[in-house]
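All figures in this text were calculated on a predicted structure; none of them were measured in a lab. Every chain is numbered from 1, with letters handed out A, B, ... down the list of sequences.
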2 protein chains.
Amino acid sequence: MLIDKELIKGSSKTVILQLLSKKGMHGYELSSQIKSLTQGAIEISEGTIYPTLHSLEADGYIESQWAESEGKRKRKVYKITSSGRKLLKERKASWNDFLKAMQSLLPVKSNILEA
Amino acid sequence: MLIDKELIKGSSKTVILQLLSKKGMHGYELSSQIKSLTQGAIEISEGTIYPTLHSLEADGYIESQWAESEGKRKRKVYKITSSGRKLLKERKASWNDFLKAMQSLLPVKSNILEA
DNA sequence: TCCTATACCTAGAAATCCAAGGTATAGGAG
DNA sequence: CTCCTATACCTTGGATTTCTAGGTATAGGA
């Protein structure tokens, strides 16, 4: 079941910040984590991931460091900053409000959010 | 309480089709209905409403008719077509799947969808 | 040696939406 | 009678976001 790709618009940054709030990750890892956590329902392509990370970094919401490990090529690992945590909090509140508002227009069975 | 306007991206057509599935409406009415049903949380501006209606009509998902009534200026009233109902069904399924997937990434308390 | 998975990146285009402007009608306030 | 406001339609240009399609590079296995 393919999800209309337009729906993710406006939520990518929030999703990335949320994942980085749990642990530092590199771009490729973020992309595959998103895909596997959603069972393939949501894919954020590399063409989106990297520019978005650069933009978040330029704005000070995340910061990066090159990391080397055995038998792996170099990776740029991103960590969320305190400013990023603040933004995440705002964006999560916004997402909640949006869901609530959408529920008035397009009711969805509440069991979707359980399990 | 202002919602990040980017979040509505990709959902406008679905919302419009959903409202038109209940009853025929004109553009201005759709815009104000969306605002009042969501207590002002979601606004779809006229700059979005009219082009979107034209696009939906061009694709055969809705159809229009000019209507006159006492003491009101002419309105263009839109009705959903059977093709539009089919599209709405698909888009609602897509929205459900998207919500479900987002829930794996960004958990939201389930009571948001109640009440 | 070649292929695949990993890992980074960018340029250009597509899609969606909004802000700001314009036109027009009806009713009420001054 | 004039002006203002609410209603009602519309378009242009731009901003934003994301994707497609390409490119580069490394490590390991076939």
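The side-chain heavy atoms of A:Ile80 and A:Leu17, taken from C-beta on, include a pair separated by under 4.5 Å. Residues A:Ile62 and A:Ile16 have side chains not in contact (no heavy-atom distance under 4.5 Å, counting atoms from C-beta outward). Two residues are said to be in side-chain contact when any heavy atoms from C-beta on lie closer than 4.5 Å; B:Leu105 and A:Gln18 fail this criterion. Residues A:Leu53 and A:Leu30 meet the side-chain proximity criterion, which asks for heavy atoms closer than 4.5 Å. Contact of the B:Leu88 side chain with the B:Leu20 side chain is not registered, since no non-hydrogen atoms from C-beta on lie closer than 4.5 Å. The side-chain heavy atoms of B:Phe98 and A:Ile8, taken from C-beta on, include a pair separated by under 4.5 Å.
Taken to the nearest 0.5 Å, the CD1 atom of B:Ile44 stands 5.0 Å off from the CD1 atom of B:Ile49.
Scanning residues 55-67 of chain B for heavy-atom distances under 4.0 Å to DNA chain C yields an empty list. Near DNA chain D, defined here as any heavy-atom distance below 4.0 Å, the residues from residues 16-34 of chain B are B:His26, B:Gly27, B:Tyr28, listed numerically.
With sequence neighbours left out, B:Thr14 forms a side-chain hydrogen bond (donor to acceptor under 3.5 Å, both in side chains) with B:Arg91. Among residues two or more places apart in sequence or in another chain, the side chain to side chain contact (heavy atoms under 4.5 Å, CB included) test is passed with A:Arg73 by none. Checked against salt bridge (charged side-chain N to carboxylate O under 4.0 Å, His left out), A:Lys13 has no partners two or more places apart in sequence or in another chain. Partners of A:Lys23 under the salt bridge (charged side-chain N to carboxylate O under 4.0 Å, His left out) rule, at least two apart in sequence or in another chain, are A:Glu29. Residues that satisfy the side chain to side chain contact (heavy atoms under 4.5 Å, CB included) test with B:Lys76, not counting sequence neighbours, are B:Ser64, B:Trp66, B:Tyr78.
The stretch residues 52-69 of chain B participates, sequence neighbours left out, in no salt bridge (charged side-chain N to carboxylate O under 4.0 Å, His left out) pair at all. The list of side-chain hydrogen bond (donor to acceptor under 3.5 Å, both in side chains) pairs with a residue in residues 31-43 of chain B, not counting sequence neighbours, is empty.
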Per-nucleotide protein contact string for nucleotides 13-18 of chain C (B base, S sugar-phosphate only, - none; heavy atom under 4.0 Å): --BBSB

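Both A:Arg73 and A:His54 lie near DNA chain C, and the one whose nearest nucleotide falls closer to the 5' end is A:Arg73.
Nearest heavy atom pair, residue B:Ala41 against residue A:Ala101, reads CB-CB, 3.8 Å.
With a heavy-atom cut-off of 4.0 Å to chain A, the contacted part of DNA chain D has its first and last nucleotide at D:dT17 to D:dG28.
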Per-residue pairing states of DNA chain D in dot-bracket (Watson-Crick or G-U under 3.5 Å; . unpaired, | other strand) read ||||||||||||||||||||||||||||||

